[in-house]
Amino acid sequence: MPPAHSSVVQLVRNLVRKRDFYAGALVILFGLVMALKGPSYKLGTLMHMGPGFLPTALGIILIGLGIAIAATGLSVPEGEDEDILPANPEWFGWACILAGPLCFVLFGTYFGLIPAIFMCVFVSAFGDRSATLRGSSILAAVVTVFGVGLFSYLLQVPMPLLAWRGL
Amino acid sequence: MIETALTDLWYGFGVALQPHNIMWCFIGVLVGNMVGVLPGMGPLATISILLPLTFGIKPVGAILMLAGVMYGAQYGGAICSILLNLPCHPPHAVTCLDGFPMTKQGRGGVALGLTVMASFVGASWGITEMIFLSPILVRVALQFGPAEICSLMLLGLLAGSTLARGSPLKGVAMTVLGLMLGIVGTDLETGAERFTFGMTHLDDGIELVALALGLFGIAEFMNSINQVVSINAKYTDVRLRDMRPTKSDVKQAIAPMFRGTFVGSLCALIPGTGPTIASFVAYATEKKISKHPEKFGTGLIEGVIAPEASTHSSVQGDFIPTMSLGIPGDAVMALLLGALMIQGIVPGPQLIKEHPDIFWGLVASFWIGNILLVLLNVPLIGIWVKLLTIPYKYLYPSALFFVCIGVYAANNDMFQVGETVVIGILGYVLLRLGFHPAPILLGFVLGPRFEENFRRAMLISRGDILVFVERPISAVFIGLCVLLIALQIYVRIRGAKAPIEIPTVLEGAE
């Protein structure tokens with residue numbers, strides 16, 4: 001008969017391989033943030049609920065759900081796709097997708113709409129593996145022309161086309 | 001009763017046929033169809049991206065346009081499924097099973113033509129239901145106090161999160177997360193700032209557009225980048241004359257069409273069972289009653305028509321609780337409701353009375369929009385087919401720009417563009433962990449109203465939590481909630497499996 005602790009180790013080892021374990025952990029984390037931060041907004045009584053009542057209650061529910069999700073990870077056999085990262089992670093692609101909107105914020109704040117659109121499309125286009133400098137610039141230019149026409153002239157989004165606000 | 005309904009409908013047509021309203025409806029259907037055809041763009045992504053364009057329009061025009069976008073995008077999804085075997089939108093996953101084999105046999109055009117017909121019939125039935133059922137529901141719902149509203153919302157939230165795809169536990173967790181995101185910002189009753197972490201930009205809460213575009217835009221792009229799904233455009237050469245079905249095709253299609261419509265309308269009555277389930281049930285039913293079930297999957301007309309009719313009838317049916325009770329059944333409806341709220345309209349049973357132009361105008365515009373859809377798709381099918389072949393590498397950068405400008409235009413606030421990026425990262429992490437982000441939207445839209453009514457109910461009952469089971473109507477709703485949970489546990493223990501394998505070539509955003 002194996003000693004008790006080795007079966008516990010086995011159990012834990014089994015658990016950390018499961019995707020649901022991390023899913024549950026994330027939900028518990030959200031729950032903890034709410035349940036711990038909630039009471040600082042004044043709980044009140046059940047009759048006169050304060051602003052902190054519902055967040056705290058929801059936080060506790062989330063913690064319970066998180067535990068349940070992690071626990072179901074134990075009961076089901078290991079599936080094929082237990083990796084959190086996809087088979088071939090696209091770090092560069094993801095970075096480009098996230099950098100696009102950030103470029104929009106940066107260039108939009110300091111230089112105006114035209115550079116913002118161009119940079120947003122230009123940068124994010126590099127996320128694709130087959131992207132070329134030429135292809136991305138052409139795409140960015142086309143979208144810029146179209147975007148300025150639609151949003152600036154037709155829909156009148158209040159944003160200067162070109163500006164210089166300094167850095 | 002029929003007479004009042006007809007008078008109201010007449011009034012609705014009056015509203016919907018006003019030139020500017022018909023124009024918005026037309027633009028909605030056209031753009032929705034165009035964007036919906038693009039691979040990887042489901043109705044959720046399409047509506048989220050186009051939502052900011054409606055802010056400048058009056059409420060009636062805005063909701064007509066968004067509704068148009070919705071069914072335009074839906075039909076676009078059907079085109080994508082039938083011609084490319086890509087289920088861009090979950091309800092159309094079943095359509096692929098027989099739709100694509102038809103395309104391979106060179107009968108894709110016929111499948112599309114019949115789908116237009118089926119969607120029109122399905123939708124028409126759904127609209128008729130809406131006309132007659134909504135006023136009855138409203139009459140009942142107007143008697144509801146805060147306790148009843150609360151339990152009803154609870155039922156809606158539970159149904160919406162447990163009956164959707166994936167693990168019910170994860171669905172509920174997402175709904176609660178959505179409720180939490182809805183709480184962020186200034187508390188209406190006490191003015192306390194909650195979960196803003198000192199950022200004044202968050203005082204007004206998280207922006208609906210930012211949330212939707214983060215979850216269904218950025219997160220989806222991250223999910224599909226460089227996941228080259230080789231688009232098989234070999235069979236996409238469909239011309240107008242290919243779409244005309246023969247007499248025997250039509251004859252073969254009529255019975256499944258009505259059966260599908262019926263199944264869809266039944267599914268719509270059960271809260272939370274959206275179009276996806278309706279389409280699966282319709283397909284399974286057809287297969288069961290068919291004389292030659294083994295032929296399904298080889299390109300049978302029944303296998304295309306029944307799920308499509310069912311999807312459309314169920315989507316229309318979903319509008320009933322959304323518009324008459326203010327309780328959306330799925331994320332698409334939540335988004336439409338959110339759009340109404342942005343326009344300053346309070347959803348709930350009083351909506352039909354206070355804004356008859358919106359409700360009846362919407363009902364009438366469904367018909368107009370569906371006719372427009374037929375008229376548009378017949379001549380434009382060639383263009384849609386060309387759009388299908390736009391490579392993803394051109395698509396997503398352009399879509400990202402639309403996301404950015406859309407979020408910015410909502411409040412002219414750059415901070416919210418950053419917010420969208422953060423939500424997008426969160427959304428992608430959740431996707432990778434096996435969560436479906438759609439219920440977040442449901443919780444988010446209902447959150448503030450849920451809290452308000454919960455507080456009010458507690459105040460009235462003097463802090464007695466038992467009020468929810470003591471009042472009869474509320475007790476029924478709570479009982480249904482318990483039943484729903486019990487059913488989930490029962491299914492889990494028995495280990496029931498989905499009747500049909502879902503072809504997961506490309507998971508759309510739902």
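In what follows, chains carry the letters A, B, and so on, assigned in the order in which the sequence lines appear, proteins first and then strands, with residues in each chain numbered from 1. As the structure is a computational prediction, the values presented were derived from the model and not from experiment.
- Of the atoms belonging to Phe435(B), it is side-chain heavy atoms, and not backbone ones, that fall under 4.5 Å from chain A.
- With hydrogens and angles ignored, the 3.5 Å screen pairs a side-chain donor or acceptor of Thr420(B) with a backbone N or O of Gln416(B).
- Side-chain N or O atoms of Thr186(B) include one that pairs as donor or acceptor with a backbone N or O of Asp203(B) at under 3.5 Å.
- The contact between Ile69(A) and chain B is made by backbone and side chain atoms together, counting heavy-atom distances below 4.5 Å.
- Looking at Leu169(B), the atoms closer than 4.5 Å to chain A (heavy atoms on both sides) sit in the backbone and in the side chain alike.
- Using a 4.5 Å cut-off between heavy atoms, Ile460(B) does not touch chain A at all.
- Put simply, of Tyr396(B), Tyr428(B), Phe221(B), Tyr394(B), the one with the most heavy-atom pairs under 4.5 Å next to chain A is Tyr396(B).
- Note on Ile405(B), Val417(B), Asn412(B): by heavy-atom pairs under 4.5 Å with chain A, the leading option is Ile405(B).
- Between Phe151(A) and Phe402(B), the distance from one ring center to the other falls under 6.0 angstrom.
- Counting heavy-atom pairs closer than 4.5 Å to chain B, the top-ranked of the candidates Val143(A), Val123(A), Ile61(A) is Val143(A).
- With chain A as partner, the option from Phe450(B), Phe415(B), Tyr408(B), Phe454(B) having the largest number of non-hydrogen pairs under 4.5 angstrom is Tyr408(B).
- Closest heavy-atom contact between Leu179(B) and Gly447(B): CD2-CA, 3.4 Å.
- Under a 3.5 Å cut-off, the side chain of Arg129(A) and the backbone N or O of Gly93(A) do not form any donor-acceptor pair.
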(request) Take Met222(B) and Leu98(A) through the side chain to side chain contact (heavy atoms under 4.5 Å, CB included) test and state the conclusion after the steps. (result) CA-CA 9 Å; Met222(B) 288 177 77; Leu98(A) 296 175; 4.1 Å; yes
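- Side chain of Thr132(A) to backbone of Gly135(A): a donor-acceptor contact under 3.5 angstrom is found.
- Taking CG of Leu181(B) as the start and CD1 of Ile206(B) as the end, the distance is 4.5 Å to the nearest 0.5 Å.
- The choice from Pro51(A), Ser124(A), Ser136(A), Ala23(A) that makes the most heavy-atom pairs within less than 4.5 Å of chain B is Pro51(A).
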(request) Check the pair Leu53(B) / Val31(B) against side chain to side chain contact (heavy atoms under 4.5 Å, CB included), numbers first and verdict last. (result) CA-CA 11 Å; Leu53(B) 299 185; Val31(B) 179; 5.8 Å; no
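- Only the side chain of Leu426(B) has a heavy atom closer than 4.5 Å to any heavy atom of chain A.
- With a threshold of 4.5 angstrom between heavy atoms, Leu139(A) approaches chain B through side-chain atoms but not through N, CA, C or O.
- Interface remark: Phe122(A) contributes no atoms to any contact with chain B (heavy atom separation under 4.5 Å).
- In this structure, chain B has heavy atoms under 4.5 Å from both the backbone and the side chain of Val121(A).
- Taking chain B as the reference chain and counting heavy-atom pairs below 4.5 Å, the highest number among Ala68(A), Ala116(A), Gly66(A), Pro55(A) is found for Pro55(A).
- By number of non-hydrogen pairs under 4.5 angstrom with chain B, the leading residue of Val157(A), Val105(A), Val142(A), Leu102(A) is Val105(A).
- No donor-acceptor pair closer than 3.5 Å links the side chain of Thr54(B) to the backbone N or O of Leu50(B).
- In this structure, chain B has heavy atoms under 4.5 Å from both the backbone and the side chain of Ala125(A).
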